[in-house]
Amino acid sequence: MSETTKLWSKRACALVGGAYCALICWFSYLSIFYEVSIPNQILFCVALSAISFVALAAMLYSRFQVLTKLVGILLLPVAFPIIMLCFGEWTLIIPISITVLLVFFLSGSKETWKTIFGVIYLLLYILGSLGYFMVISFFASSVEQTVLETGTSPSGDYRYELIQTDDSSGGNIKIHVEPNDKDISLPFITFVAVGYDRTVFMERPATTDDLEVTWTTQSRTEITKEFLAISSNLQIELSDDQKEILGLSADTEAVYLKDISDAQLAKLGVPEENDVLTFRGEVCFRSYIAILEDYFDISNRELQILE
(Lines give C-alpha, C1' and ligand atoms only; values in the text may rest on other atoms or scores of the structure.)
Protein backbone atom coordinates (compact mmCIF):
# COMPACT_ATOMS: atom_id res chain seq x y z
CA MET A 1 0.00 0.00 0.00
CA SER A 2 1.42 3.35 -1.04
CA GLU A 3 1.91 6.21 1.39
CA THR A 4 -0.82 8.20 -0.33
CA THR A 5 -3.26 5.32 0.02
CA LYS A 6 -2.36 4.92 3.72
CA LEU A 7 -2.85 8.63 4.30
CA TRP A 8 -6.32 8.66 2.77
CA SER A 9 -7.31 5.46 4.56
CA LYS A 10 -6.31 7.08 7.86
CA ARG A 11 -8.28 10.17 6.98
CA ALA A 12 -11.30 7.98 6.23
CA CYS A 13 -10.87 6.24 9.58
CA ALA A 14 -10.66 9.64 11.26
CA LEU A 15 -14.05 10.45 9.75
CA VAL A 16 -15.40 7.23 11.30
CA GLY A 17 -14.16 8.52 14.65
CA GLY A 18 -15.87 11.85 14.00
CA ALA A 19 -19.11 10.03 13.22
CA TYR A 20 -18.82 8.08 16.48
CA CYS A 21 -18.30 11.35 18.38
CA ALA A 22 -21.43 12.75 16.70
CA LEU A 23 -23.35 9.64 17.77
CA ILE A 24 -22.24 10.09 21.40
CA CYS A 25 -23.21 13.78 21.23
CA TRP A 26 -26.67 12.76 20.03
CA PHE A 27 -27.02 10.14 22.77
CA SER A 28 -25.97 12.73 25.36
CA TYR A 29 -28.65 15.11 24.11
CA LEU A 30 -31.25 12.35 24.21
CA SER A 31 -30.23 11.34 27.74
CA ILE A 32 -31.08 14.87 28.92
CA PHE A 33 -34.52 15.13 27.31
CA TYR A 34 -35.56 11.46 27.23
CA GLU A 35 -35.61 8.37 29.41
CA VAL A 36 -33.75 5.32 28.16
CA SER A 37 -35.62 2.06 27.65
CA ILE A 38 -33.69 -1.02 26.51
CA PRO A 39 -36.06 -4.00 26.08
CA ASN A 40 -33.36 -6.46 25.00
CA GLN A 41 -30.22 -5.72 26.99
CA ILE A 42 -28.09 -8.46 25.39
CA LEU A 43 -28.77 -7.57 21.76
CA PHE A 44 -28.28 -3.88 22.46
CA CYS A 45 -25.00 -4.51 24.28
CA VAL A 46 -23.69 -6.63 21.41
CA ALA A 47 -24.72 -4.04 18.80
CA LEU A 48 -23.26 -1.07 20.70
CA SER A 49 -20.07 -2.98 21.53
CA ALA A 50 -19.60 -3.84 17.86
CA ILE A 51 -20.10 -0.22 16.82
CA SER A 52 -17.74 0.98 19.55
CA PHE A 53 -15.10 -1.61 18.61
CA VAL A 54 -15.15 -0.59 14.96
CA ALA A 55 -14.92 3.08 15.91
CA LEU A 56 -12.11 2.36 18.38
CA ALA A 57 -10.12 0.41 15.79
CA ALA A 58 -10.58 3.21 13.24
CA MET A 59 -9.50 5.88 15.71
CA LEU A 60 -6.44 3.93 16.88
CA TYR A 61 -5.39 3.39 13.28
CA SER A 62 -5.74 7.13 12.60
CA ARG A 63 -4.62 8.29 16.04
CA PHE A 64 -2.16 10.85 14.65
CA GLN A 65 -4.79 12.55 12.47
CA VAL A 66 -5.90 15.97 13.71
CA LEU A 67 -9.58 14.98 13.72
CA THR A 68 -8.90 11.85 15.77
CA LYS A 69 -6.79 13.81 18.27
CA LEU A 70 -9.65 16.29 18.64
CA VAL A 71 -12.23 13.51 19.02
CA GLY A 72 -10.04 11.81 21.64
CA ILE A 73 -10.05 15.01 23.70
CA LEU A 74 -13.77 15.72 23.25
CA LEU A 75 -15.28 12.28 23.88
CA LEU A 76 -14.82 12.28 27.66
CA PRO A 77 -16.84 15.46 28.39
CA VAL A 78 -19.32 14.61 25.64
CA ALA A 79 -20.09 11.25 27.28
CA PHE A 80 -20.57 12.81 30.73
CA PRO A 81 -24.39 13.31 30.45
CA ILE A 82 -24.83 9.69 29.39
CA ILE A 83 -22.87 8.36 32.35
CA MET A 84 -24.62 10.62 34.87
CA LEU A 85 -28.20 10.58 33.64
CA CYS A 86 -28.34 6.95 32.48
CA PHE A 87 -26.55 5.63 35.57
CA GLY A 88 -27.48 1.98 35.99
CA GLU A 89 -27.94 1.30 32.27
CA TRP A 90 -24.63 -0.56 32.13
CA THR A 91 -25.17 -2.00 28.65
CA LEU A 92 -25.14 1.60 27.40
CA ILE A 93 -22.50 3.05 29.72
CA ILE A 94 -19.78 0.36 29.71
CA PRO A 95 -19.06 0.09 25.94
CA ILE A 96 -19.02 3.88 25.59
CA SER A 97 -16.85 4.41 28.69
CA ILE A 98 -14.25 1.86 27.62
CA THR A 99 -14.07 3.35 24.12
CA VAL A 100 -13.70 6.98 25.19
CA LEU A 101 -11.06 6.13 27.81
CA LEU A 102 -8.95 4.06 25.41
CA VAL A 103 -9.17 6.70 22.70
CA PHE A 104 -8.17 9.42 25.15
CA PHE A 105 -5.09 7.60 26.45
CA LEU A 106 -4.00 5.99 23.18
CA SER A 107 -4.61 8.85 20.74
CA GLY A 108 -1.68 10.67 19.19
CA SER A 109 -2.10 13.84 21.25
CA LYS A 110 0.90 15.03 23.22
CA GLU A 111 1.22 13.73 26.76
CA THR A 112 1.18 17.28 28.10
CA TRP A 113 -2.26 17.89 26.64
CA LYS A 114 -3.50 14.54 27.91
CA THR A 115 -2.29 15.39 31.40
CA ILE A 116 -3.92 18.83 31.39
CA PHE A 117 -7.23 17.69 30.00
CA GLY A 118 -7.11 14.51 32.08
CA VAL A 119 -6.97 16.54 35.28
CA ILE A 120 -9.76 18.84 34.07
CA TYR A 121 -12.00 15.92 33.13
CA LEU A 122 -11.27 14.09 36.37
CA LEU A 123 -12.44 17.15 38.29
CA LEU A 124 -15.45 17.43 35.99
CA TYR A 125 -16.52 13.87 36.68
CA ILE A 126 -15.86 14.01 40.44
CA LEU A 127 -17.39 17.42 41.11
CA GLY A 128 -20.12 16.96 38.53
CA SER A 129 -21.23 13.60 39.93
CA LEU A 130 -21.12 14.89 43.52
CA GLY A 131 -23.14 17.96 42.58
CA TYR A 132 -25.65 15.91 40.58
CA PHE A 133 -26.29 13.36 43.33
CA MET A 134 -26.47 16.11 45.98
CA VAL A 135 -29.11 17.92 43.94
CA ILE A 136 -31.03 14.67 43.48
CA SER A 137 -30.90 14.00 47.22
CA PHE A 138 -31.98 17.55 48.03
CA PHE A 139 -34.94 17.63 45.66
CA ALA A 140 -35.96 13.98 46.00
CA SER A 141 -39.59 13.71 47.02
CA SER A 142 -40.31 11.98 50.32
CA VAL A 143 -43.80 10.95 49.22
CA GLU A 144 -44.51 7.54 47.74
CA GLN A 145 -46.08 7.41 44.32
CA THR A 146 -47.69 4.31 42.83
CA VAL A 147 -48.70 4.03 39.19
CA LEU A 148 -52.05 2.25 39.31
CA GLU A 149 -52.78 2.12 35.60
CA THR A 150 -51.31 3.10 32.26
CA GLY A 151 -52.69 3.05 28.76
CA THR A 152 -53.17 4.88 25.49
CA SER A 153 -56.04 6.78 23.92
CA PRO A 154 -58.17 5.24 21.13
CA SER A 155 -56.17 7.07 18.45
CA GLY A 156 -52.86 6.07 20.03
CA ASP A 157 -51.74 9.71 20.04
CA TYR A 158 -51.77 10.06 23.83
CA ARG A 159 -50.86 7.95 26.85
CA TYR A 160 -51.85 8.33 30.46
CA GLU A 161 -50.87 7.32 33.98
CA LEU A 162 -53.20 7.00 36.93
CA ILE A 163 -51.06 7.77 39.97
CA GLN A 164 -51.73 7.44 43.68
CA THR A 165 -49.59 9.53 46.01
CA ASP A 166 -49.33 8.67 49.70
CA ASP A 167 -48.28 11.38 52.13
CA SER A 168 -49.08 12.72 55.58
CA SER A 169 -51.99 14.80 54.22
CA GLY A 170 -54.04 11.90 52.95
CA GLY A 171 -52.36 11.65 49.55
CA ASN A 172 -53.99 12.26 46.21
CA ILE A 173 -55.15 10.62 43.02
CA LYS A 174 -54.06 12.22 39.77
CA ILE A 175 -53.95 11.50 36.06
CA HIS A 176 -51.12 12.53 33.78
CA VAL A 177 -51.58 12.71 30.01
CA GLU A 178 -48.71 13.08 27.56
CA PRO A 179 -48.20 12.66 23.81
CA ASN A 180 -47.46 9.16 22.59
CA ASP A 181 -45.78 10.13 19.31
CA LYS A 182 -42.65 11.96 20.48
CA ASP A 183 -40.52 8.96 21.48
CA ILE A 184 -37.47 8.06 19.42
CA SER A 185 -37.22 4.37 18.61
CA LEU A 186 -33.90 2.94 17.43
CA PRO A 187 -32.87 -0.70 16.98
CA PHE A 188 -32.76 -2.30 20.47
CA ILE A 189 -33.25 1.01 22.33
CA THR A 190 -36.05 3.54 22.77
CA PHE A 191 -35.75 7.08 24.08
CA VAL A 192 -39.01 7.91 25.84
CA ALA A 193 -39.92 11.61 25.77
CA VAL A 194 -40.38 13.25 29.17
CA GLY A 195 -41.36 16.74 30.24
CA TYR A 196 -44.62 16.82 28.27
CA ASP A 197 -46.91 15.30 30.90
CA ARG A 198 -49.90 17.36 31.94
CA THR A 199 -51.97 16.77 35.07
CA VAL A 200 -55.60 16.64 33.92
CA PHE A 201 -57.14 15.38 37.16
CA MET A 202 -56.16 15.58 40.82
CA GLU A 203 -58.19 14.83 43.90
CA ARG A 204 -57.13 15.11 47.54
CA PRO A 205 -57.38 13.18 49.78
CA ALA A 206 -56.86 9.99 47.82
CA THR A 207 -59.79 7.61 47.56
CA THR A 208 -59.59 4.20 45.94
CA ASP A 209 -63.22 4.00 44.85
CA ASP A 210 -64.05 3.99 41.14
CA LEU A 211 -60.58 4.11 39.56
CA GLU A 212 -61.74 3.33 36.05
CA VAL A 213 -60.31 5.61 33.37
CA THR A 214 -62.58 5.76 30.32
CA TRP A 215 -61.55 6.85 26.84
CA THR A 216 -64.13 7.65 24.19
CA THR A 217 -64.14 9.43 20.85
CA GLN A 218 -66.23 12.45 20.02
CA SER A 219 -66.58 14.36 16.78
CA ARG A 220 -65.18 17.84 16.31
CA THR A 221 -68.65 19.21 15.57
CA GLU A 222 -70.20 17.70 18.70
CA ILE A 223 -67.49 19.15 20.97
CA THR A 224 -67.85 22.59 19.39
CA LYS A 225 -71.61 22.52 19.96
CA GLU A 226 -71.14 21.47 23.58
CA PHE A 227 -68.74 24.35 24.26
CA LEU A 228 -70.94 26.93 22.55
CA ALA A 229 -73.95 25.66 24.52
CA ILE A 230 -72.03 26.43 27.72
CA SER A 231 -71.04 29.91 26.55
CA SER A 232 -71.45 31.64 23.23
CA ASN A 233 -68.55 33.93 24.08
CA LEU A 234 -66.01 31.22 24.80
CA GLN A 235 -62.55 32.63 24.14
CA ILE A 236 -59.62 30.48 23.10
CA GLU A 237 -55.92 31.18 23.22
CA LEU A 238 -54.11 30.80 19.92
CA SER A 239 -50.45 31.14 19.10
CA ASP A 240 -49.22 33.61 16.51
CA ASP A 241 -48.76 30.75 14.03
CA GLN A 242 -52.34 29.59 14.58
CA LYS A 243 -53.63 33.14 14.11
CA GLU A 244 -51.70 33.34 10.86
CA ILE A 245 -53.39 30.14 9.66
CA LEU A 246 -56.76 31.78 10.32
CA GLY A 247 -55.69 34.96 8.56
CA LEU A 248 -55.69 36.97 11.78
CA SER A 249 -53.17 39.53 12.88
CA ALA A 250 -50.74 38.52 15.62
CA ASP A 251 -52.01 41.55 17.56
CA THR A 252 -55.53 40.11 17.74
CA GLU A 253 -56.19 39.67 21.44
CA ALA A 254 -59.62 38.02 21.64
CA VAL A 255 -60.45 35.00 19.48
CA TYR A 256 -63.86 33.44 20.06
CA LEU A 257 -64.77 29.86 19.24
CA LYS A 258 -68.06 30.97 17.66
CA ASP A 259 -66.07 32.88 15.02
CA ILE A 260 -64.06 29.83 13.92
CA SER A 261 -65.64 27.55 11.34
CA ASP A 262 -65.35 23.79 11.34
CA ALA A 263 -63.10 23.98 8.28
CA GLN A 264 -60.79 26.40 10.10
CA LEU A 265 -60.64 24.07 13.10
CA ALA A 266 -59.53 21.33 10.71
CA LYS A 267 -56.79 23.66 9.39
CA LEU A 268 -55.62 24.19 12.97
CA GLY A 269 -55.11 20.43 13.26
CA VAL A 270 -58.21 19.46 15.23
CA PRO A 271 -59.16 16.00 13.89
CA GLU A 272 -62.66 14.92 12.92
CA GLU A 273 -62.66 12.36 15.76
CA ASN A 274 -61.17 13.44 19.10
CA ASP A 275 -59.99 11.49 22.13
CA VAL A 276 -61.89 12.25 25.33
CA LEU A 277 -60.82 11.03 28.77
CA THR A 278 -63.40 10.68 31.52
CA PHE A 279 -62.72 9.83 35.16
CA ARG A 280 -65.35 9.58 37.88
CA GLY A 281 -67.96 11.10 35.63
CA GLU A 282 -65.82 14.14 34.84
CA VAL A 283 -64.36 14.94 31.43
CA CYS A 284 -60.67 15.56 32.17
CA PHE A 285 -59.07 15.75 28.76
CA ARG A 286 -60.06 16.43 25.16
CA SER A 287 -57.54 16.24 22.33
CA TYR A 288 -59.65 19.00 20.71
CA ILE A 289 -58.51 21.49 23.39
CA ALA A 290 -54.99 20.03 23.66
CA ILE A 291 -54.39 20.76 19.98
CA LEU A 292 -55.99 24.20 20.00
CA GLU A 293 -54.03 25.35 23.05
CA ASP A 294 -50.79 23.57 22.12
CA TYR A 295 -50.61 21.58 25.37
CA PHE A 296 -47.71 19.54 24.10
CA ASP A 297 -45.78 22.05 22.06
CA ILE A 298 -42.02 21.74 22.57
CA SER A 299 -41.96 25.27 24.01
CA ASN A 300 -44.08 24.01 26.92
CA ARG A 301 -41.78 21.11 27.62
CA GLU A 302 -40.18 20.95 31.07
CA LEU A 303 -36.65 19.73 31.62
CA GLN A 304 -36.91 16.79 34.01
CA ILE A 305 -33.34 15.74 34.64
CA LEU A 306 -34.10 14.95 38.24
CA GLU A 307 -36.81 12.39 37.51
Is it true that [Y] and [X] share a donor-acceptor pair across their side chains at a distance under 3.5 Å?
X      : Y      : result
Thr190 : Ser37  : no
Ser232 : Tyr256 : no
Tyr160 : Thr152 : no
Asp166 : Gln164 : yes
Asp241 : Ser239 : no

Measure from the side-chain N and O atoms of [X] to the backbone N and O of [Y], and report whether any donor-acceptor pair falls under 3.5 Å.
X      : Y      : result
Asp183 : Ala193 : yes
Gln242 : Leu292 : yes
Lys258 : Gln235 : no
Asn274 : Pro271 : yes
Lys174 : Leu162 : no
Thr68  : Phe64  : no
Arg159 : Thr150 : no
Arg11  : Trp8   : no
Ser261 : Gln264 : yes

Inset, instruction - Determine the minimum heavy-atom distance between Trp215 and Leu277, stating which atoms define it. - result: CZ2-CD1, 3.2 Å
Inset, instruction - Please report the closest heavy-atom contact between Tyr61 and Ser9, naming both atoms and the distance. - result: OH-OG, 3.2 Å
Legend entry - Ion pair Arg280/Glu203, N-O distance below 4.0 Å: yes
Inset, instruction - Taking the six-membered ring of Phe105 (Phe, Tyr or Trp), confirm whether the NZ or CZ of Lys114 is under 6.0 Å from its centre and within 45° of its axis. - result: no
Inset, instruction - State which residue, out of Phe27, Tyr125, Tyr132, fulfils the ring-ring contact (aromatic ring centres under 6.0 Å, His included) condition with Phe80. - result: Tyr125
Inset, instruction - Take Lys69 and Met59 through the test side chain to side chain contact (heavy atoms under 4.5 Å, CB included) and record every step on the way to the result. - result: CA-CA 9 Å; Lys69 292 179 183 179; Met59 286 186 283; over 6 Å; no
Legend entry - is_close_aromatic(Phe279, Phe201), centroid dist under 6.0 Å: yes
Inset, instruction - Assert yes or no for the condition that the ring centre distance of Phe285 to Tyr158 is strictly below 6.0 Å. - result: yes
Inset, instruction - Would you kindly confirm whether Val54 and Leu43 end up in one hydrophobic cluster when ILVMFWY residues are joined by side chain heavy atoms under 4.5 Å apart? - result: no
Legend entry - ILVMFWY network linking Ile32 to Ile24, side-chain heavy atoms under 4.5 angstrom: yes
Legend entry - Approximate separation, where rounding is to 0.5 Å, of Ser219 OG and Tyr288 OH: 10.0 Å
Inset, instruction - Mind running salt bridge (Lys or Arg N to Asp or Glu O under 4.0 Å) on Arg286 and Asp275 for me, showing each step along the way? - result: CA-CA 6 Å; Arg286 291 182 176 93; Asp275 295 322; over 6 Å; no
Legend entry - Arg198/Glu293 under salt bridge (Lys or Arg N to Asp or Glu O under 4.0 Å): CA gap, chis, key distance, verdict: CA-CA 13 Å; Arg198 186 181 183 93; Glu293 298 191 356; 5.2 Å; no
